Amino acid sequence: MAKLDVELKVNGEDYKLQVGSQERLLDTIREQLKLTGTKEGCSVGECGACTVIVDDQAVNSCMVLTAQVDGSKIITVEGLESKSGLHPLQKAFIEKQAVQCGFCTPGMLMSALALLNTNPEPSKEEIKTALEGNLCRCTGYQQIIDAVEMAAEEWGG
Amino acid sequence: MAFKHVNKGVKRVDAYEKVTGKAKFGADLEFANMLQAKVLRTEYPHAKILNIDTSEAEKMPGVKGVFTARDIPNNLFGVIVQDQQVLAEEKVVLAGDGVAMVAAESEKEAAAAIEKIRVDYEELEGVFDPLDARQEGALKLHPEKDDNQVIHHPLRKGDVAQGFAEADLILEREYTTQFIEHSYLEPEAVVVVPNEENHLVSVYGSIQNPYATRNAVSSVLEVELAEVRVIQNHIGGSFGGKDEVVSAMAARAAVMALATGRPVKMVNSREESFTESYKRHPYHLKYKLGATKEGKLTAMEIEAVADSGGYACQTPFVTWRSVVQATGPYEVANVKTDTYGYYTNNPYTGAMRGYGSPQVIFAQESLMDELAEELEISPVELRKKNMYQQGSVTASGQKLDRHTVSLNEVMNKAMEAIDYKKKYEQYSKKQPGDKKRGIGLSISFRGCSLGAEAIDAAASVIQINKDGSVAVYSGLAENGQGLKTIFSQIAAEILGVPMNEVEFKELDTSFTPDSGSTVASRATLIGGNAVKDAAEKLKQRIIDFSADKYDLSAEELALKDGFLYDGQGNRLATFADLTGEMGNSGILMSAYGWYKSPPISWDEEKGCGNPYFTYVYGCQIAEVEVDTGTGELSVINMAAAHDVGRAINPENVKGQIYGGVMMGLGYGIMEELELKDGVIQGTNFHDYMIPTIKDMPDIKPVIVENPDPDGPFGAKSIGEPTLELGSAAIANAVAHASGKRIRSLPLNLERVLIGRALHKGGK
Amino acid sequence: MVEYQLLRAHSLDELLEILDEKENVQILAGGTDLMVDLHHQDDKFEKIDYLLDITAVNELKGIKLGNKKGEIGALTTHAELVNSPAINEKLPFIAAAASSIGSTQIRNRATIGGNLANAAACADSFSPLIALEAEVVLRSKGGARKILLEDFVEWPYQTIIKADEVLEKIIFAMPEGEYYSSYQKIGRRKALSISRISLTLLAEVENGSVKKAQVASGAATPFPVPFRKVNKYLNGKNFAAINPVEAGNIAADEMVGITGERWSTPYKRPALGKLVERAVEDLLEEAGYNG
C-alpha cells in the first residue's frame with residue numbers, strides 16, 4: 001500500500017513523515033517518533049491513556065488516522081517539561097500524589113493541559129468534564145483533581 | 001515519637017519518571033532484533049482439540065515460528081495447583097484458552113499468521129454454574145480429578161443447633177456476587193530476551209509477582225531458577241491481576257525466544273486482556289443467622305460457593321480468606337461455615353484486591369442491616385452489641401489481644417466524618433418525590449498479609465555507596481501502590497539521611513532474595529520490616545565504627561539529616577564522609593534485611609487456629625440518592641475510616657483509600673462481566689464499565705493509627721481493606737433510601753428499578 | 001485483512017467528484033465510530049476500497065440559526081454544539097444531548113453528521129433533531145435532496161444515503177413563539193455512557209395550552225422515531241388538562257407497540273414512561289403552570 005506524506009509539528013519539532021493508510025496518530029507517535037509516553041489502553045476511545053493535544057484540543061490518538069491531521073500541531077507528554085523545568089501541571093501531579101501506577105498519567109496531563117489552555121480558572125465540575133474521558137483505576141481521581149486545581153492556581157498566577 | 005521521614009506525606013520517588021513520560025512500561029520496551037508474538041485463543045468454553053494445522057501460518061510473511069502445546073517442555077503450571085495449561089493440548093476448558101502462537105517480525109504479521117491456523121474441535125457440553133458443577137453426576141471438567149470440587153474449607157465453633165434454639169429470630173438469606181475484571185489501565189505486556197548476561201532467559205514486563213513468574217517460567221522450561229531472571233520496574237496497575245496470566249505469557253514468550261534465538265515481545269490488546277485474564281470470583285452465599293430479640297447474635301451458618309472457572313488458580317486461598325472473614329467482625333458463639341470452590345467452563349478466577357473478602361462482606365453486612373430492621377434496632381446499635389472488642393475471640397478461636405481492636409474507633413470516626421446520625425434520622429423519615437436519599441454503613445476486620453496460606457517472609461538489600469548515597473533493593477514489587485516511596489522513607493528514617501540520598505532500584509530476581517509475592521496487603525508490613533532490618537544492621541555498623549573513632553558510647557551518637565551527632569547536638573561528621581571512610585577501611589557497607597512473620601496456625605479439618613498475626617479494622621459509610629423512577633443511583637458522599645497501625649505516608653494512604661473506595665463503588669453499582677455460556681459478552685471498556693471521574697462521590701478518608709507491635713513503626717495494611725466495604729455500605733444505603741433490599745451485585749439500573757437484572761437475549 | 005486506499009477531500013466539489021467517480025467509498029469524518037470498527041477489523045471493511053477523509057471540507061462545517069430557519073453543518077463537532085452560544089440560547093436541548101455524548105476527547109472529534117449517518121439505535125443526536133422535525137440534506141454531484149430525519153434511518157446502522165451522496169447538513173424551522181424543551185437521558189454511569197434511554201420534548205405553547213408538541217426518543221426503539229400518540233395527546237391541550245403520568249403511560253405503550261415485548265421491556269417501559277412524565281412536568285413548570 002502506498003504511503004502518504006504528512007507534515008506534523010510535534011512538541012515544537014517539525015517532522016516530514018510517511019504514514020500508512022491505517023496508521024493511527026498513536027502509532028505514529030509511539031512507533032515512528034518513539035515517544036512512548038503516550039499509552040495504548042483500549043484502542044477504542046474509552047480510556048483516554050492515548051490522549052494528546054492536536055491543534056489545542058485533547059484528542060484520543062487511537063481514534064485518528066495520522067493522515068487526517070496532516071499539518072497539525074501536536075503536543076505529547078514529552079512536550080511538557082522544558083529547559084526551565086517541569087510544567088506546573090507536572091509539579092502539581094507530583095506534589096498532590098496524583099500518580100500511582102502512572103499509566104493514565106500522560107493522558108490525564110494532556111486533558112488537563114487542554115483545559116487550562118482554554119480555561120485558566122476551571123471549576124471542579126469543569127475539571128471533571130475535561131477529565132471524564134480519562135479512566136484511572138488506581139487513584140479514585142481525587143488527588144488528580146487536587147493537582148489540576150493546584151496547577152490552575154499556580155499557573156494562573 | 002517524632003519522625004523525620006516516616007508518617008509524612010513525602011513525594012513519590014517514581015513520580016518524576018511518570019509525569020514526564022520517561023517511565024518505560026512493558027509495551028514501551030524494545031530490544032535489538034526483537035520479534036513480536038500473538039496467541040490464537042479458542043472461542044469454545046469446552047472442546048476437544050482434534051487437530052491443529054499450522055502449515056499455512058508457517059508460510060506467511062515474516063513468520064519465524066508457529067508453536068503449539070507440543071513445543072512446551074512442561075505444559076502445566078500454577079501457584080497452588082499445577083492444572084493450568086500454557087497452551088491447551090487435548091482440551092480447552094474455557095473460552096480464551098490459548099491453543100497456538102506465532103512469532104514474527106512484526107505484530108501485524110504475527111496477527112495475520114494467527115488467522116491462518118486451523119484448529120478442528122469437537123465441542124463438548126459445558127458447565128457454567130458452580131451450583132451445577134457440584135451436583136452429583138455433573139460432567140467432570142478435569143477427568144483426572146474425582147469431581148469438580150477445587151476446595152472445601154470447613155469451620156466449626158460451638159453448636160449451631162443449640163445457638164439457633166436460643167434465638168428469638170432466625171433470618172435466612174441468599175446473596176450473589178458477579179465476575180469482575182481487574183481493569184488495570186495497562187494491558188499485559190512482556191518481553192523475553194534469550195541468553196542475556198549469563199541468563200538463559202530474561203523476562204521484562206508488567207509483572208506483579210516476579211518470583212511467581214520466575215517459578216512458572218523455570219518450571220515450564222524445565223530449567224533451574226538461576227537461569228531465569230525477572231526484572232520488574234514500572235507496571236500499569238495490577239490489583240492482583242498480573243500474576244498467572246502474565247506468568248503464562250512470559251512462559252510462552254520464553255519458549256519462543258529460545259526457539260528463535262531472538263527477543264520476543266507480547267503485548268495484549270484490551271480485548272485479548274479481557275478474554276484471557278482471570279477474574280474476581282463470583283459467589284453464591286447462603287446465610288442463616290440467629291439472634292435474641294435484644295439483638296445478641298446466637299448462631300451463624302454460612303455456605304459460600306465460589307466459581308473457580310476452568311482452573312484452580314488461587315481459589316483454594318481466596319476461599320480460605322472467606323472462611324476466616326465470613327462471620328464478619330462479630331462475636332458469635334456458634335458458627336458453622338463452609339466455603340467451596342468448583343471448576344466450571346467459565347473464565348478462571350484468581351487474586352483480585354480483596355481476595356475473597358468483598359463477597360462475604362457484602363452478604364454479611366447486608367444481613368446485619370436486614371436483622372436490624374427486623375429487630376427494629378438501629379444498624380449502629382446492632383453492630384456495637386456484637387462486634388469484636390479488645391480480647392474478643394474470633395470464629396476460628398483466635399483471641400484478639402496482640403494489637404488494638406479498634407472497631408469502635410473507626411466506626412465513630414467514620415460516622416462523625418459524614419454526619420451519620422443526623423442524616424440517618426433525616427432520611428429515615430418519609431421523603432417526597434422520586435428521588436430518595438439514604439445512608440448505610442459496613443464494618444470489617446481483615447487479617448494482614450498471607451496468614452496461614454504460606455511462609456510469610458521477605459528480604460531487602462541496602463547498599464551505601466562511598467559518597468553516602470543509599471540504594472535500596474527489595475524482593476517485593478512496586479505495583480503503583482507506592483512501595484518504592486514507602487521503603488525509601490523507612491530506609492531514610494533509620495539511616496538519618498535525606499530522602500534524596502535514597503534511591504530505590506528496580507527489582508531483579510537474580511539480585512534480591514525471593515520474598516514471595518506482592519499480595520495480601522503485605523508489602524509495607526512484611527517488606528517494610530525487611531527494609532528496616534537491613535537499615536538497622538547498617539546503622540549499627542556505622543554507630544559502632546563512630547563510637548570507636550570518636551571514643552564515645554553508642555548511646556550518645558545519632559544519625560540525623562545526613563550527619564553524625566554527639567549527645568550534645570554537635571555535628572561530628574557528614575554521613576557521606578563517615579560511610580566513605582568506613583568503605584575505605586574495608587567495612588562491608590551493604591546489608592541484607594530479612595523479616596519472618598510471628599507464628600500462626602490453622603487446622604484445616606476443624607477450621608480453627610490463629611490464621612493471621614494481626615488484623616486491621618475499617619468502617620465505610622455511603623450516602624446515596626436513589627431515583628425510584630428510573631433506577632439511577634448516585635453515591636453522593638462516602639466516609640472511609642481505616643486503622644492502618646501507622647501511616648508511613650499519609651498522603652499515600654489517602655490515595656489508597658480514594659482508589660479503593662472507587663473500586664468498591666464500581667463493584668457495588670456498575671461493574672459486571674457478562675457471560676453467555678462461558679463466553680464474555682463485550683471485551684472492552686465500552687461494554688465493561690468502570691467508574692469515571694464523574695461517578696466519584698465526595699470521599700472523606702479518615703486515617704486511624706493504633707501502632708501494631710509487629711509492624712514497621714507500627715504500620716499494618718491499607719491496600720485491600722479499602723475496597724471490601726463499599727458495596728455493602730451502598731446496598732444498605734439504597735435499602736435505607738428506597739425500602740428495597742437488593743441481594744445481588746451490582747446495583748444497576750434494572751435491579752434498583754425492578755428488582756432484578758435483565759440480560760440480552762434473556763426471557 | 002483490511003485494505004483500503006485513503007483519500008482526502010479538501011472541498012465539497014472534490015468530495016462529490018470522488019463519490020461520483022469511485023465505488024465502494026466509505027466516508028470518514030470524526031472517526032470515533034469507524035476507528036473502533038477498524039480496530040476490530042470489522043467485516044464492513046471487506047466492502048470498502050476507499051476511505052475518504054472529509055474532515056478538511058470546510059463547507060460542511062458551521063452552525064447558522066436564523067429567526068425562521070436553522071442549519072447545522074454535518075461536520076460540526078459535538079464540542080462545537082456544546083460551546084455554541086446560539087445553540088445554548090435557542091436550542092438548549094441540542095447542547096444538552098451533545099454534552100452527554102462520550103467524553104471531552106470524543107466530543108472534540110465526533111460530528112453530528114457522523115452520529116446520524118452511523119445510525120446506532122442509541123445515537124444521542126437523533127431525538128433533539130427529530131423533535132425539531134429536522135431534515136437532512138443529502139448532496140451528490142447531480143444535486144441535493146432533502147429527507148425528513150425520521151425517514152432517514154431504515155434499520156439500525158442502515159440509512160438511505162446513496163453511494164454517491166454525502167450528508168451535507170441538517171436543516172430545520174426554528175420553533176416559533178414561546179417554546180420549552182427538555183432533554184433526558186439515562187445511562188449506566190455519569191460519563192462515557194451509552195444511552196439506555198434518551199428523550200427530547202419540544203413544545204410551542206400559547207395562552208396556557210400546548211400549541212405543538214414533539215416527543216422523540218433515543219435507544220427506546222430500534223431506530224429513533226417521534227412518539228406520535230404522545231404528541232397527539234399533548235397537542236392543543238390546556239395545561240390543566242395535561243396529566244404527565246398519563247403522557248408517560250401513552251409513550252410507554254407506544255414504545256412497546258413498536259418494539260414488542262423484548263428482554264429489556266420490563267425496565268424500559270416504566271423508565272421511558274417516567275422520563276416522558278418528567279419532561280412534561282418540566283414543560284408545565286417552565287411554562288409557569290403550577291397545577
Side-chain angles (χ1 to χ4, degrees), chain A residues 20 22 30-31 34-49 76-81 86-87 89-109 125 127-145 147, chain B residues 9 11-12 14-25 27-30 182-187 234-239 267 269-271 478-482 649 651-652 654-663 665-666 684-686 689-696 698-699 701 722:
Chain A
Q22 294 182 41
R30 283 183 58 86
E31 288 162 28
K34 304 289 178 196
L35 296 171
T36 55
T38 303
K39 304 300 180 196
E40 180 160 20
C42 74
S43 327
V44 295
E46 282 285 317
C47 80
T76 72
V77 68
E78 289 90 347
L80 271 181
E81 190 182 15
L86 290 176
H87 187 278
L89 267 168
Q90 293 173 308
K91 286 187 199 163
F93 268 60
I94 295 174
E95 188 65 39
K96 292 290 176 184
Q97 302 281 46
V99 178
Q100 287 191 27
C101 84
F103 200 76
C104 75
T105 308
M108 288 283 182
L109 286 165
E125 203 50 38
I127 293 171
K128 285 186 177 181
T129 298
L131 301 181
E132 69 183 9
N134 294 82
L135 296 177
C136 171
R137 191 63 153 171
C138 297
T139 66
Y141 305 106
Q142 180 60 51
Q143 287 156 315
I144 293 173
I145 296 174
Chain B
K11 292 175 205 165
R12 288 182 67 109
D14 55 354
Y16 170 76
E17 283 178 53
K18 289 176 175 176
V19 300
T20 52
K22 293 181 166 81
K24 292 272 180 275
F25 292 76
D28 306 334
L29 300 174
E30 275 193 30
H182 297 76
S183 308
Y184 27 76
L185 261 282
E186 177 207 28
H234 295 297
I235 175 171
S238 185
F239 316 109
V267 181
S269 68
R270 180 59 61 184
E271 288 83 3
E478 172 71 57
N479 285 181
Q481 80 281 44
N649 187 324
E651 291 309 307
N652 211 315
K654 281 185 203 160
Q656 287 294 307
I657 293 177
Y658 292 129
V661 164
M662 284 299 274
M663 199 180 265
L665 180 144
N684 209 320
F685 285 141
H686 39 43
M689 282 187 238
I690 65 172
T692 69
I693 199 166
K694 285 271 174 88
D695 297 291
M696 193 184 87
D698 195 358
I699 302 167
T722 56

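The model shown is predicted, which means the values in this text are computed figures rather than measured ones. Just so you know, these numbers use all the heavy atoms, side chains as well, and skip hydrogens, waters and symmetry mates. Here is the naming used below: chain letters follow the sequence lines, and residue numbers restart at 1 for every chain.
- Both the backbone and the side chain of T129(A) come within less than 4.5 Å of a heavy atom in chain B.
- The structure places NE2 of H686(B) at 7.5 Å from SG of C42(A), a figure rounded to the nearest 0.5 Å.
- The contact between K34(A) and chain B is made entirely by side chain atoms (from C-beta outward), counting heavy-atom distances below 4.5 Å.
- Using a 4.5 Å cut-off between heavy atoms, I145(A) touches chain B through its side chain atoms alone.
- At a 4.5 Å heavy-atom cutoff, the contact between T105(A) and chain B is made by side-chain atoms alone.
- Residues F25(B) and G102(A) come closest through the heavy atom pair CZ-C, 3.9 Å.
- For T692(B) against L135(A), the heavy-atom pair with the smallest separation is CG2-CD2, 3.9 Å.
- In this structure, chain A has heavy atoms under 4.5 Å from both the backbone and the side chain of L185(B).
- In this structure, the side chain of Y141(A) engages the main chain of P691(B) through a donor-acceptor pair within 3.5 Å.
- When heavy atoms are compared at a cutoff of 4.5 Å, A23(B) approaches chain A solely by way of its backbone atoms N, CA, C and O.
- Here the closest non-hydrogen pair linking A15(B) and I94(A) is CB-CG1, 3.8 Å.
- Side chain of E132(A) to main chain of K694(B): no donor-acceptor pair is present (N/O by atom type, distance under 3.5 Å, no hydrogens or angles).
- Taking E17(B) as the reference, H234(B) meet the side chain to side chain donor-acceptor pair (under 3.5 Å) condition, with sequence neighbours excluded.
- Of the two parts of L131(A), the backbone and the side chain both hold a non-hydrogen atom closer than 4.5 Å to a non-hydrogen atom of chain B.
- Between the CD atom of Q100(A) and the NZ atom of K18(B) there is a distance of 8.5 Å, given to the nearest 0.5 Å.
- How far CZ of R137(A) is from CD of E186(B): 15.0 Å, rounded to the nearest 0.5 Å.
- By the side chain to side chain donor-acceptor pair (under 3.5 Å) test, D28(B) pairs with R30(A), K39(A), sequence neighbours left out.
- The side-chain heavy atoms of T20(B) and L86(A), taken from C-beta on, include a pair separated by under 4.5 Å.
- Within a 6.0 Å radius of NZ in K11(B), other residues, nucleotides and ligands contribute 12 heavy atoms or fewer.
- Put simply, SG on C138(A) and OH on Y658(B) are 15.5 Å apart, with the number rounded to the nearest 0.5 Å.
- Counting only heavy atoms from C-beta outward, the side chains of I699(B) and Q142(A) never approach each other to under 4.5 Å.
- The backbone N or O of E651(B) lies less than 3.5 Å from a partner atom in the side chain of Q143(A), making a donor-acceptor pair.
- Heavy-atom distances place the side chain of F239(B), and not its backbone, under 4.5 Å from chain A.
- Ranking L80(A), I127(A), V77(A) against chain B, the residue ahead of the rest is V77(A), based on heavy-atom pairs under 4.5 Å.
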Kindly determine whether V19(B) and V99(A) satisfy side-chain contact (heavy atoms from CB on, under 4.5 Å), including the steps that lead there.
CA-CA 8 Å; V19(B) 300; V99(A) 178; 3.8 Å; yes
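- R270(B) has no carboxylate O lying under 4.0 Å from a charged side-chain N of E46(A), or vice versa, which leaves the two without a salt bridge.
- Using a 4.5 Å cut-off between heavy atoms, E271(B) touches chain A through its side chain atoms alone.
- For Q97(A), the part sitting under 4.5 Å from any heavy atom of chain B is the side chain, from C-beta outward, and nothing else.
- Within the 4.5 angstrom heavy-atom criterion, no atom of D695(B) approaches chain A.
- Contacts of E81(A) with chain B are made by side-chain atoms alone, with heavy-atom separations under 4.5 Å and no backbone atom involved.
- To the nearest 0.5 angstrom, I657(B) atom CD1 is 13.5 Å from T139(A) atom OG1.
- Considering all non-hydrogen atoms of both residues, G41(A) and P187(B) come closest at O-CG, 3.8 Å.
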